[in-house]
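A note on names: the letters A, B, ... follow the listed sequences, proteins ahead of strands, and every chain is numbered from 1.
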Amino acid sequence: MTVKKRILITSALPYVAGVKHLGNLVGSMLPADIFARFCRARGHETLAICATDEHGAPIELAALEEGIGPRAYADKWHAVQKKLGDDFGLNWDNFGRSSSPANHELTLHFARQLWKNGFLELRITKQAYSVTDARFLPDRYVIGTCPHCGYDRARGDQCENCTRVLDPVDLINPRSAVSGAQDVEIRDSTHLFLKQSQFAGKLRSWIESHKHDWSPVVTSIAFKWLDEGLRDRGITRDLEWGIPVPDDIADGALKGKVFYVWFDAPIEYIAATKEWADRNGTDYLDWWQGKDVTYWEFMGKDNVPFHTVGFPVTIMGSGEPWKLVDRLKGFNWLNYDGGKFSTSGKRGIFMDKALDIAPADVWRYYLIANAPESADSNFTWEHFAGVVNKDLADVLGNFVLRVTKFCAARFDGKLPGEGEYGDEEKALIADLDHRVKTYADYLENAEFRKAMGELRAIWVVGNEYLTRAAPWAAIKTDRAKAAVGVRMGLNLVHLFTHLIWPVMPELAKTIHRAIQPIGGYPGVNGELIIPWPHESMAQELDDLTPGQTIAPPEVLVTKITDEQVEELKARFGGA
RNA sequence: GGCACCGUAGCUCAGUGGUAGAGCAGGAGAAUCAUAAUCUCUUGGUCGGCGGUUCAAAUCCGUCCGGUGCUACCA
């Protein structure tokens, strides 16, 4: 048996505005959930944390536009994301909110520690201010004519037309993106800056120490920031919605300002843990300051700088023994039919629409089997249909049906006990001993594409065995020989349910019930955990009891037809 | 503009110095338990171009071309 470990898992926090697309899902929440399920199945003490990221200018302005307060706006979308997460089988120990009291409390704690330790300082910055709107505007909320190419809707941070980096003062005829008002001026504003530059050496040696267990996409992004020279970073903003800067920091010089969303968002990992611990009567510091915990983070590459620089500086600067991440798993982008998924452009497939097309488990398998781990990967409907039809419907689903239906037709739906396993079965057992271990090793390292490749290969091995055993031929002359094939086939089906549960929990349960009641144990939020199979395939594949009733399931995975592919392409073609 | 990553079979991707790989698609055959699902065999690539280092380069270096992203006030 594997050594029991304590594993802390966080997924990058989805921004609360709107429904997330499949690129967001595959880059953080889904791999975090699959990894957490795998850890739970292995019997490790596991804590999986996610939350909505609820602060920042976009929320405040979107709420303004809808005529509701930012709190109400965040409430609405948090509920939507919670439900969609549930529908996708994302089972967190806690799905929190960065606007929670716990996060307010902890964010202030970190800010005060940093202030006390001298890692924060006041600086005066120049910022765009809209007189009509009576508010400061983030650079990208100032629009005007690009001085380089003349594009008349350039944003204050960058011109989308010629891609040049801009400053709001560069714009000709600047105006507010909020109201269109032209009385935009530049004013002074005082802010707190985090002295990241003082941590450059410490960060570099920390990241160096992870070159062997973080992927190149992660370390190269981190080193890029360090190589360019770490700059101190403003951690406050002129907004109303957020965590207010308290008067005891800088003697009230920042009255009316809030912390920058990227300062408080990662702290929510800790705060959501605290909420969970408080509810369960345990201590969150066991997880965040405990020495025997391995901490995994999952995120898209856009989040990497904040998790390799910003958040670590917050932790290091606190002077307290908070855990730094041990294994940082970063993902590239999932592209949609050659272009990018875009929330603002409504391009691609979003979590709500996806479930109208296929069940959650089908998406979970497809997405993780094609996760953009080492490079950006590309989604097409043809590819999706091909994988669903071949891997899930044919190789896995059909295997379950052919075995269970044959048992029902020829052995009266009772698992046959006649005959003994011979050389064919022993060879299969030896092969699977190796393959199941390989699969587990890949999952243990969060190498999802390779893990899914091995999982699929295991299903193929089942089909190969059945072809050699050919119980449909044996039954005519040698009932015991046919019984051996069917018994092994059913044991394989049973094995598969245990192997696929982390990836496809509902399908695993459906198949398992066809063989026998699920003997799992209670897990998170009352969900039954189907545990990892026995390490010895000789035991695992001789586990079912002769005589037990087998009930063939209905079609497990519905195929996607060519006509549907055409229809989906037309429907989701993009803006 | 700067920087980073990527460019390998029709498609989706492995492979990072030692005789080019997998799955799918395509072709041939076997089987008929099963969602016509499976199994076996098989066609297919001068590894983006050019130049260099090396006994040896998809792999290292330079350069060019193409794609994507980031560029610190979107998150």
Just to be sure I understand the rule, does [X] reach a base, reach only the sugar-phosphate, or reach nothing, if contact means heavy atoms closer than 4.0 Å?
X	value
A:Pro471	nothing
A:Val460	sugar-phosphate
A:Val217	nothing
A:Arg237	sugar-phosphate
A:Gly56	sugar-phosphate
A:Leu556	base
A:Glu382	nothing
A:Lys224	base
A:Ala473	nothing
A:Gly330	nothing
A:Asp139	base

Inset, instruction - Could you label the plane-to-plane angle of the A:Trp214 and A:His210 rings as parallel, tilted or perpendicular, counting under 30° as parallel and over 60° as perpendicular? - result: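 The arrangement is parallel - the two ring planes meet at less than 30°.
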Hey, are [X] and [Y] close enough for a salt bridge, meaning a charged N less than 4.0 Å from a carboxylate O?
X	Y	answer
A:Glu418	A:Arg487	no
A:Arg135	A:Glu60	yes
A:Lys301	A:Asp376	yes

Legend entry - Centroid under 5.5 Å and tilt under 30°, A:Trp472 to B:rC33: yes
In this structure, how many angstroms lie between the [atom2] atom of [N] and the [atom1] atom of [X], rounded?
X	N	atom1	atom2	result
A:Leu392	B:rC24	CG	C1'	14 Å
A:Arg410	B:rC33	CZ	C1'	9 Å
A:Asn389	B:rC24	CG	C1'	12 Å
A:Trp262	B:rA75	CH2	C1'	7 Å

Hey, is the side chain of [X] pairing donor to acceptor with the base of [N] inside 3.5 Å?
X	N	answer
A:Arg402	B:rA37	no
A:Asn398	B:rA34	yes
A:Glu228	B:rU71	no

Pair assignment for [N], Watson-Crick or G-U wobble, requiring both distances under 3.5 Å:
N	value
B:rC3	B:rG69
B:rG51	B:rC61
B:rC13	B:rG21
B:rU46	none
B:rU38	B:rA30

Legend entry - Test of ring centre spacing under 6.0 Å for A:His191 and A:Phe136: no
Nearest-Å distance once atom [atom1] is located in both [N] and [M]:
N	M	atom1	value
B:rA25	B:rU16	C1'	29 Å
B:rG15	B:rG52	C1'	24 Å
B:rC47	B:rC33	P	48 Å
B:rU68	B:rG48	C1'	15 Å
B:rC24	B:rC65	C1'	30 Å

Inset, instruction - Test ring pair (Phe, Tyr, Trp, His ring centres under 6.0 Å) on A:Phe399 and A:Phe496 and set out the steps. - result: CA-CA 10 Å; A:Phe399 178 78; A:Phe496 293 171; 5.4 Å; yes
Inset, instruction - May I ask you to check whether over 12 heavy atoms, not counting those of A:Glu65, lie within 6.0 Å of atom CD? - result: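 Counting other residues, nucleotides and ligands, CD of A:Glu65 stays at 12 neighbours or fewer.
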Legend entry - Closest to side chain of A:Ala375, choosing from B:rA75, B:rC6, B:rC74: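 Looking only at side-chain atoms, A:Ala375 lies closest to B:rC6.
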Legend entry - Listed nucleotide nearest any side-chain atom of A:Ser374, set B:rC73, B:rC13, B:rU38: B:rC13
Inset, instruction - Report yes or no: do A:Asn370 and A:Ser377 form a side-chain donor-acceptor pair below 3.5 Å? - result: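 The criterion, which ignores hydrogens and geometry beyond distance, is not satisfied for A:Ser377 and A:Asn370.
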Under 3.5 Å, sequence neighbours excluded: what are the donor-acceptor pairs made by side chains of residues 456-465 of chain A?
{"from": "A:Arg456", "atom 1": "NE", "to": "A:Asp391", "atom 2": "OD1", "distance (Å)": "2.7"}
{"from": "A:Arg456", "atom 1": "NE", "to": "A:Asp391", "atom 2": "OD2", "distance (Å)": "3.4"}
{"from": "A:Arg456", "atom 1": "NH2", "to": "A:Asp391", "atom 2": "OD1", "distance (Å)": "3.4"}
{"from": "A:Asn463", "atom 1": "OD1", "to": "A:Arg402", "atom 2": "NH1", "distance (Å)": "2.9"}
{"from": "A:Asn463", "atom 1": "ND2", "to": "A:Val395", "atom 2": "O", "distance (Å)": "3.1"}
{"from": "A:Tyr465", "atom 1": "OH", "to": "A:Glu425", "atom 2": "OE2", "distance (Å)": "2.5"}

Legend entry - Of residues 446-453 of chain A, the positions that come close to RNA chain B - non-hydrogen atoms, cut-off under 4.0 Å: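 Heavy-atom cutoff 4.0 Å gives A:Arg449, A:Lys450.
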Legend entry - Stacked cation flag A:Lys195 on A:Phe199, 6.0 angstrom / 45 deg: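 No.
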